Protein chains: 2
Amino acid sequence: MERFIEYILQFGNLNQQQIDLVSSKATVLALGKDDYYWEAGKMVRRIGFLTAGVLRVYYYTNKGEENTRYFIDENHLILDGPAFEGNYVPSEYLQAMTDCELVIFSKKNWNEISETIVDWDSIVHKITAKHHREKLERRSNLVSQDATTRYLDFIEKFPTLINRIPLSYIASYLGITQSSLSRIRKNIR
Amino acid sequence: MERFIEYILQFGNLNQQQIDLVSSKATVLALGKDDYYWEAGKMVRRIGFLTAGVLRVYYYTNKGEENTRYFIDENHLILDGPAFEGNYVPSEYLQAMTDCELVIFSKKNWNEISETIVDWDSIVHKITAKHHREKLERRSNLVSQDATTRYLDFIEKFPTLINRIPLSYIASYLGITQSSLSRIRKNIR
DNA sequence: ATTGCTTTTTGCCATATGGCAAATGGTTTC
DNA sequence: GAAACCATTTGCCATATGGCAAAAAGCAAT
């Protein structure tokens, strides 16, 4: 929980009373490896902050292929949609790659925080804006570079993920096949 | 201006008085082909809505290569950053591909609207959230598909852009060379 | 240590895309 | 219409990546 508070404080100030309020609204959720935090088509009514573990976000193309959109690691807030768009029905799957621990807010509790703490929405908007910029940037850089460069960039940006995520998912994120990625790793050594 | 109001009304309701307020705060900006709406490193203090023409957003990779991130066509709001993050110094270039016309709000005027119309921020947040989802989705689909598929998708999603944008920029957006794209087009015929 | 299971590497060959330079086609300007 | 200036196509060859299947390596349970 402290980690979540610390995280929030990077984007705005809260006094002790406000911190206590936020804390009182949170619960903890543990996910085992391969569990889903959410699934396409199911309503989402909560906001989560990942304190331990790695999640991957994937979807199915119209050809039925699984496609990894991005990974989420420790100390990231997961609030796509729900905070702004009422109840949110995702088209993506969000699956635990390792055992995970999250701090969770029900939509109801989240709204209560938002109504009580004047700055809350503005803090949250700063965070979403940052997230979106980062995601778009990463994705943009993936196109237009060869696979080796993309892999090296990935290592650089997510050094802690490489050993925790199966090769096939990284390949899927980079948009190449698993065997190609394996060969690329061989060449790099 | 009517187009902008229509656009806004898709995301929330405004009464006539509010519509008049918004209209009174707007000015019109015309850009010639190749002009910049904004440039990397220069402060941006305005929000724009594109009523005619096409813009492209590009940046430079650390290798100095120009990279087209996406295109903006008619009836889209351009508000990355400034609305949420105070004065905004972009790292991208936003250049007119054709003659363009925009409805413009200075940051000051925009803030006044936001302070006067209670729902304004919530409307704007809905729009940004939608934009971000769309951009990310498009970008995601670009990786992990071969160039022909990417081009066909592009045609499908932006049918009106193909004849207005030089081949080289489309290629840059798709992450392939101009000659490859030319060959792809030949094969499709 | 053996077995069964999953992940990763490798080999072989087909195909897609890049790099470069020349040729062609289109437009604007005078 | 000629010249100058773009944008687009093409040819040639090198390289990167894909597809598929088999082998190897890693890991967990017994």
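Predicted, not measured: the structure shown is a model, and the values here were computed from it.
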For this session: Assign Ser168(A) to base, sugar-phosphate, or nothing according to its heavy-atom contacts below 4.0 angstrom with the strands shown.
Result: sugar-phosphate
For this session: Between dT17(C), dT8(C), dT9(D), spot the one nearest the side chain of Arg185(A), thanks.
Result: dT8(C)
Exercise. Quantified as the angle between the terminal helix axes (five pairs each), what is the overall bend of the helix from dA1(C)-dT30(D) to dC30(C)-dG1(D) to 10 degrees?
Worked result: 40°
Problem set entry | Closest nucleotide among dT17(C), dT9(C), dT8(D) to the Arg150(B) side chain | dT17(C)
Exercise. Could you state the CD1-P distance from Ile165(A) to dT8(C), rounded to the nearest angstrom?
Worked result: 11 Å
For this session: Ignoring backbone atoms, establish whether Thr177(B) has a side-chain N or O less than 4.0 Å from OP1 or OP2 of dG18(C).
Result: yes
Problem set entry | d(OH, Tyr151(B); P, dT17(C)) in whole Å | 14 Å
For this session: For dT10(D), take OP1 and OP2 only and decide whether either is under 4.0 Å from a side-chain N or O of Lys186(B).
Result: yes
For this session: Would you kindly give the CD-to-C1' distance between Glu65(B) and dG18(C), to the nearest whole Å?
Result: 12 Å
Seminar exercise, completed: Rounded to whole Å, CD1 of Ile170(B) lies from C1' of dA7(D) at a distance of 12 Å
Exercise. Between Asn111(A) and Ser114(A), do the side chains contain an N or O donor and an N or O acceptor separated by less than 3.5 Å?
Worked result: no
Problem set entry | Protein-nucleotide distance (Asn187(A), atom CG; dA16(D), atom P), rounded to Å | 8 Å
For this session: Name the closest nucleotide to the Leu167(A) side chain, picking from dT17(C), dT17(D), dT8(C).
Result: dT8(C)
Problem set entry | CD-CD1 distance between Gln178(A) and Ile170(A), expressed to the nearest 0.5 angstrom | 10.5 Å
Exercise. Would you find a donor on one side and an acceptor on the other, under 3.5 Å apart, between the side chain of Thr98(B) and the backbone of Gly53(B)?
Worked result: no
Exercise. Between Gln145(B) (CD) and dG18(D) (C1'), how many Å, whole number?
Worked result: 15 Å
Exercise. Does dT17(D) have OP1 or OP2 sitting under 4.0 Å from an N or O in the side chain of Arg183(A)?
Worked result: no
Seminar exercise, completed: With the side chain defined as heavy atoms from C-beta on, Ser182(B) is closest, among dA16(D), dT8(D), dA16(C), to dT8(D)
Exercise. What is the distance, rounded to the nearest whole Å, between atom CG of Asp146(B) and atom P of dG18(C)?
Worked result: 12 Å
Exercise. Donor-acceptor pair, Arg150(A) side chain versus Gln145(A) backbone, under 3.5 Å?
Worked result: yes
Seminar exercise, completed: Among dT9(C), dT17(C), dT17(D), the one nearest any side-chain atom of Arg189(A) is dT9(C)
Problem set entry | Plane angle bin for Phe49(B) and Tyr7(B) - parallel if under 30°, tilted between 30 and 60°, otherwise perpendicular | tilted
For this session: Describe, in one word, how the ring planes of His132(A) and His132(B) are oriented to each other, choosing from parallel (under 30°), tilted (30 to 60°) and perpendicular (over 60°).
Result: parallel
For this session: Write down the distance between CG (Leu181(B)) and P (dA16(C)), rounded to a whole number of angstrom.
Result: 15 Å
For this session: Indicate the ring-plane relationship of Trp110(A) and Trp120(A), choosing parallel, tilted or perpendicular according to the 30° and 60° boundaries.
Result: perpendicular
Exercise. Any side-chain N or O of Ser180(A) less than 4.0 Å from the OP1 or OP2 oxygen of dT17(D)?
Worked result: no
For this session: Could you tell me how the ring of Tyr36(B) sits relative to the ring of Tyr58(B): parallel (under 30°), tilted (30 to 60°) or perpendicular (over 60°)?
Result: tilted
